[in-house]
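One structure is given below, encoded as structure tokens.
What you are looking at is a predicted structure, and each value in this text was computed from that prediction instead of being measured. A, B, ... follow the sequence lines: proteins, then strands. Residue 1 opens every chain.
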Amino acid sequence: AQSVSQHNHHVILSEAASLELGCNYSYGGTVNLFWYVQYPGQHLQLLLKYFSGDPLVKGIKGFEAEFIKSKFSFNLRKPSVQWSDTAEYFCAVNSPLGGGYNKLIFGAGTRLAVHP
Amino acid sequence: DGGITQSPKYLFRKEGQNVTLSCEQNLNHDAMYWYRQDPGQGLRLIYYSQIVNDFQKGDIAEGYSVSREKKESFPLTVTSAQKNPTAFYLCASSSGALAKNIQYFGAGTRLSVL
């Protein structure tokens, strides 16, 4: 069965520290990969996505992620975090439903707390 | 503002009671989805619908029911058969070509059992 594994459930950083959140997936077919973010009290929103092409994708708010096919990984990075990055981060991979539609297989999430 | 509206934000269910969670979208999206979020488990798919008057079971459909009478609306009923309904429920929608892979989420409904 397809699955997504996020290595860290809780991460605590100081402002200006660098961030890397690990994500590994198990799926043998063509993958579309996503990082979603859920800020406190807000809805889940798309941070960045990979469909094809350049394996280094850039998203909103200075985040980027690198797709490494050989490692089945899609790690999220940010060079310098801010207090406003405090949120829960979810990695997801598509799973075809037919008709061009997909469901998303989510990882368990990583709670990031950034201290001023 | 375009988006997905879920209501209520908080809901309490008594034992043996059915409750219905509302999900409305004005994005003109064809597909709609219901996910359940439990702590430490990410999100799991309950039901999805690709078109009006059609819907399919997801991974954890037991104890839930849905309807899709209008394109904009995809209500979820948590029935008394769902023995562990306490969770955060998220509705999502998607539409169009490659964009079918991108899902947009509502703010969620938190359901608790009294």
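Residue Arg111(A) places its CZ atom among 12 or fewer non-hydrogen atoms of other residues, nucleotides or ligands, all under 6.0 Å distant. Dense packing is recorded around CG of Leu56(A), with more than 12 heavy atoms of other residues, nucleotides or ligands lying under 6.0 Å away.
Through chains of ILVMFWY side-chain contacts below 4.5 Å, Trp34(B) is grouped with Leu11(B), Val19(B), Leu21(B), Met32(B), Ile46(B), Tyr47(B), Phe55(B), Ile60(B), Tyr64(B), Val66(B), Phe74(B), Leu76(B), Val78(B), Tyr89(B), Leu111(B).
Using a 4.5 Å cut-off between heavy atoms, Gln41(B) touches chain A through its backbone atoms (N, CA, C, O) alone. Within the 4.5 angstrom heavy-atom criterion, only side-chain atoms of Glu88(A), from C-beta onward, approach chain B. Heavy atoms closer than 4.5 Å to chain B are found in the side chain of Lys49(A), but not in its backbone.
Between Leu46(A) and Ile102(B) there is a side-chain heavy-atom pair separated by less than 4.5 Å. Inter-residue side-chain proximity for His43(A) and Ile4(B) is flagged as unmet; no heavy-atom pair is nearer than 4.5 Å. Using a 4.5 Å cut-off on side-chain heavy atoms (C-beta onward), Gln37(B) and Gln38(A) make contact. A heavy-atom distance below 4.5 Å is found between the side chains of Leu43(B) and Leu44(A).
Using modelled atom types, one side-chain atom of Tyr36(A) and one backbone atom of Gln103(B) make a donor-acceptor pair closer than 3.5 Å. A donor-acceptor pair under 3.5 Å is formed between the side chain of Tyr35(B) and the backbone N or O of Leu104(A).
Leu112(A) is connected to Tyr39(A) through a chain of hydrophobic side-chain contacts under 4.5 Å among Ile, Leu, Val, Met, Phe, Trp and Tyr, so both are in one cluster. At a threshold of 4.5 Å between side-chain heavy atoms, the hydrophobic network of Ile, Leu, Val, Met, Phe, Trp and Tyr places Phe88(B) and Leu114(B) in two separate groups. In the hydrophobic clustering of this structure, Leu90(B) does not group with Tyr10(B); members are Ile, Leu, Val, Met, Phe, Trp, Tyr whose side-chain heavy atoms approach within less than 4.5 Å, directly or through other members. Cluster annotation: Phe105(B) is connected to Leu27(B) through the hydrophobic network of ILVMFWY side chains, with a link wherever side-chain heavy atoms come within less than 4.5 Å.
With rounding to the nearest 0.5 angstrom, the OH atom of Tyr33(B) is 11.5 Å from the NZ atom of Lys103(A).
Annotation: maximal heavy-atom pairing with chain A below 4.5 Å, among Gly108(B), Ala31(B), Ala92(B), occurs at Ala31(B).
Sorted by first and then second residue, the side-chain hydrogen bond (donor to acceptor under 3.5 Å, both in side chains) pairs with a member in residues 5-24 of chain A read Gln6(A)-Thr110(A), His7(A)-Asn24(A), Glu20(A)-Asn75(A); sequence neighbours excluded.
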